[in-house]
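A short worksheet on the structure shown next.
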There are 2 protein chains.
Amino acid sequence: MSGGYTPGMSEKGAAAQHAAGPSVTGRALAVLDSFDQTHRRQSLAAISRRTGLPLTTVHRLVHELERHGALARGADGDYEIGSKIWRLGTLASVHVELREVALPYMEDVYQLANDAVQIAVLDGLRILVVDRIAGSRSIEVLSKPGSRLPLHATGVGKVLLAFGGQELQDAVLGSLDRYTDSTITDAPTLKAQLLTIRSQGFAVTREELAPGATSVAVPLRGKGGTVIAALGVVSSSDNAEISRMVPVLQVTAAALSKKLAQSGLGEASRLR
Amino acid sequence: MSGGYTPGMSEKGAAAQHAAGPSVTGRALAVLDSFDQTHRRQSLAAISRRTGLPLTTVHRLVHELERHGALARGADGDYEIGSKIWRLGTLASVHVELREVALPYMEDVYQLANDAVQIAVLDGLRILVVDRIAGSRSIEVLSKPGSRLPLHATGVGKVLLAFGGQELQDAVLGSLDRYTDSTITDAPTLKAQLLTIRSQGFAVTREELAPGATSVAVPLRGKGGTVIAALGVVSSSDNAEISRMVPVLQVTAAALSKKLAQSGLGEASRLR
DNA sequence: CAAGAACTTCCATCTCATGGAAGTTTCGCA
DNA sequence: TGCGAAACTTCCATGAGATGGAAGTTCTTG
């Protein structure tokens with residue numbers, strides 16, 4: 001009432017669990033954000049637990065979101081992301097323009113490589129897999145569209161890192177998680193590799209993220225020559241010929257880059 | 001104001017511009033919803049105009065949404081859907097599970113048909129294009145992933161309609177928009193065709209949505225045999241052999257349906 | 001069949017969204 | 001190059017709408 005209400009910067013020390021801020025919008029997005037690759041369908045209570053929001057609040061929000069098609073309720077009562085969100089996501093231009101333009105070229109690569117072909121952009125300190133093509137029996141890869149994978153242990157990631165800003169490299173080189181025996185966790189080693197990648201124009205990984213998977217990748221450039229994405233092939237490790245794909249990727253990348261520049265891509269991919 | 005607010009079924013006649021309801025969540029979603037295929041990037045003022053919300057309100061909401069990555073600001077200051085939304089959309093199971101499972105099969109069809117291959121589900125009274133494969137030079141089709149197209153003028157649409165509920169058919173047959181000279185706008189005619197489609201298991205359209213485009217489509221079934229999606233090929237009209245694709249589609253659909261049933265698809269696709 | 005968990009409804013309290021007004025920046029045009 | 005208009009941003013008094021504890025209902029599980 002009449003009394004207090006100090007603007008902001010008061011708490012912070014206390015709970016401060018979910019940095020959602022007190023706004024309704026923030027809370028609604030926190031609810032949506034509680035869904036991820038391993039929590040695609042959640043019960044009300046689960047959402048409440050994961051967001052730290054009181055059950056009643058979640059209940060209200062979730063129902064409102066459902067009414068608008070942002071969430072959908074599965075047959076078992078669990079909730080999942082609704083088609084409205086999917087449709088909207090379809091409009092995210094970096095990804096969609098990229099995807100629209102790139103898919104046909106990825107097809108071409110796929111025909112030659114017969115291994116999983118993927119394309120990714122930078123998203124914070126990880127790669128965001130924008131799209132991927134894989135035959136009915138390509139090796140089981142971790143990357144699905146929407147996956148966020150580490151920069152230093154994937155082919156596309158190394159490319160984006162090598163051509164990324166100093167600021168980005170510093171942040172990533174600061175902490176290199178290990179995924180397999182072959183993961184490069186030594187900053188100087190990686191740094192040297194990045195230089196090579198820059199000069200030779202492609203990157204290679206050998207079982208650095210998952211055992212049995214090898215990949216090569218090349219950069220994609222937009223307007224003005226800025227690297228805005230990376231194109232790569234992931235194959236099973238026993239395929240010694242994977243480096244054979246480099247020229248194919250490079251030719252494709254050249255053609256694709258021209259197209260991308262035309263369709264106006266070229267900003268994007270900033271480190272948030 | 002102070003007065004009324006009868007629960008539901010009141011307005012409809014009057015303005016009723018944006019049936020957003022007074023909730024914050026509703027308003028935030030209205031902002032997001034103001035983005036569509038033809039309005040992928042919008043200025044603050046444009047959003048305000050299109051949603052009917054006061055500029056100040058939009059200003060606040062948009063900034064909040066941007067802070068959370070739900071919107072992104074392009075280089076020119078315009079806003080667009082952000083990668084957070086895209087990533088979330090990636091989790092929408094009907095579409096993603098569907099897409100994940102179906103893409104390889106679509107590949108196979110594409111190799112044989114060499115024409116645009118698409119897959120769609122029901123979304124209200126339209127189809128929602130879930131995915132599409134097209135070579136670098138397939139005919140320019142209207143369907144991109146995320147497009148919502150009419151049920152009675154597309155191959156996939158007719159399939160979904162033919163296998164849809166009575167309620168759905170009634171609603172659609174009630175108003176059949178015309179797109180070309182060949183569009184079927186006579187309810188009895190269409191009704192007869194739907195029966196044929198049900199019995200023979202595939203649908204054909206000839207220039208009913210856009211001149212020069214022909215398509216064939218077959219149903220995809222999930223757990224329990226319910227039709228949950230449709231698979232189709234779109235080709236240029238002078239391709240007399242398009243019906244040659246029917247067996248291919250049917251074989252593929254059979255295999256795909258089995259897979260879909262396995263991965264638990266089978267609810268979804270209800271008429272909201 | 002009982003106990004606990006998940007979900008829903010209710011409602012008094014007060015926080016936070018609201019949107020008009022006014023100030024600042026950007027843009028288009030002469 | 002300068003002026004008017006449009007786009008954007010900041011401010012803040014007000015009250016609409018969000019909040020969440022409590023209690024009731026329905027589903028699970030042992």
Side-chain angles (χ1 to χ4, degrees), chain A residues 1-12 14-32 34-35 39 41-68 70-80, chain B residues 1-8 15 17-32 34-35 39 41-68 70-80:
Chain A
M1 58 208 68
S2 51
Y5 183 43
T6 29
M9 42 181 33
S10 50
E11 37 192 68
K12 173 61 174 280
Q17 260 275 36
H18 47 93
S23 80
V24 189
T25 313
R27 250 162 296 202
L29 285 174
V31 166
L32 291 177
S34 73
F35 290 83
H39 298 84
R41 333 183 100 251
Q42 298 182 97
S43 70
L44 213 51
I47 299 175
S48 165
R49 254 177 274 117
R50 279 169 57 78
T51 56
L53 295 171
L55 184 65
T56 321
T57 302
V58 171
H59 180 255
R60 189 169 9 86
L61 283 173
V62 161
H63 274 253
E64 180 94 27
L65 290 170
E66 189 196 0
R67 267 192 346 98
H68 289 279
L71 288 179
R73 190 206 285 267
D76 54 356
D78 280 10
Y79 292 91
E80 65 178 23
Chain B
M1 41 202 66
S2 56
Y5 185 46
T6 30
Q17 264 276 33
H18 48 93
S23 80
V24 190
T25 312
R27 252 163 295 205
L29 286 174
V31 166
L32 291 177
S34 73
F35 290 81
H39 299 83
R41 334 182 100 251
Q42 299 182 98
S43 69
L44 212 52
I47 299 175
S48 165
R49 255 177 273 118
R50 279 169 56 78
T51 55
L53 295 171
L55 184 64
T56 320
T57 302
V58 172
H59 179 257
R60 188 168 12 85
L61 284 173
V62 161
H63 276 252
E64 180 94 26
L65 290 170
E66 189 195 359
R67 263 188 354 93
H68 289 279
L71 288 179
R73 190 206 285 267
D76 54 357
D78 279 9
Y79 291 93
E80 65 177 25

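Naming: A, B, ... by sequence-line order, numbering from 1 per chain.
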- Taking every non-hydrogen atom, the tightest pair across Ser34(A) and Thr51(A): CB-CG2, 3.8 Å
- Item | His59(A) side-chain N/O to dC7(C) phosphate OP1/OP2 under 4.0 Å | no
- Bend across the helix from dC1(C)-dG30(D) to dA30(C)-dT1(D), to 10°, with axes taken over 5 pairs at each end? 70°
- B/S/- along nucleotides 17-23 of chain C (protein heavy atoms under 4.0 Å) is SBBBB--
Short heteroatom pairs, N/O only, protein and nucleotides 3-7 of chain D, under 3.5 Å:
unit_1	atom_1	unit_2	atom_2	d
dA7(D)	OP1	Arg49(B)	NH2	3.3

- Taking only residues two or more places apart in sequence or in another chain, which ones pass side chain to side chain donor-acceptor pair (under 3.5 Å) with Thr57(A)? none
- For Ser43(B), check side-chain contact (heavy atoms from CB on, under 4.5 Å) against everything at least two apart and list the hits. Ala45(B), Ala46(B), Asp78(B)
- Results of side-chain contact (heavy atoms from CB on, under 4.5 Å) for Ser48(A) - residues two or more places apart only: Leu55(A), Val58(A)
Working to the nearest 0.5 angstrom, can you tell me the gap between [X] [atom1] and [Y] [atom2]?
X	Y	atom1	atom2	value
Arg41(A)	Arg73(A)	CZ	CZ	11.5 Å
His63(B)	Ser23(A)	NE2	OG	13.5 Å
Ile47(A)	Leu71(A)	CD1	CG	6.5 Å

- Message: Distance check needed: dT9(D) C1' versus Glu66(B) CD, whole Å only.
- Response: 14 Å
- Message: Holding to salt bridge (Lys or Arg N to Asp or Glu O under 4.0 Å), I want the full list of residues that pass it with Arg60(A), two or more places apart in sequence or in another chain.
- Response: none
- Message: Using the ring pair (Phe, Tyr, Trp, His ring centres under 6.0 Å) criterion, which residues pair with His39(A)? Sequence neighbours excluded.
- Response: none
- Item | Glu64(A) side chain to Thr25(B) side chain, donor-acceptor N/O pair below 3.5 angstrom | no
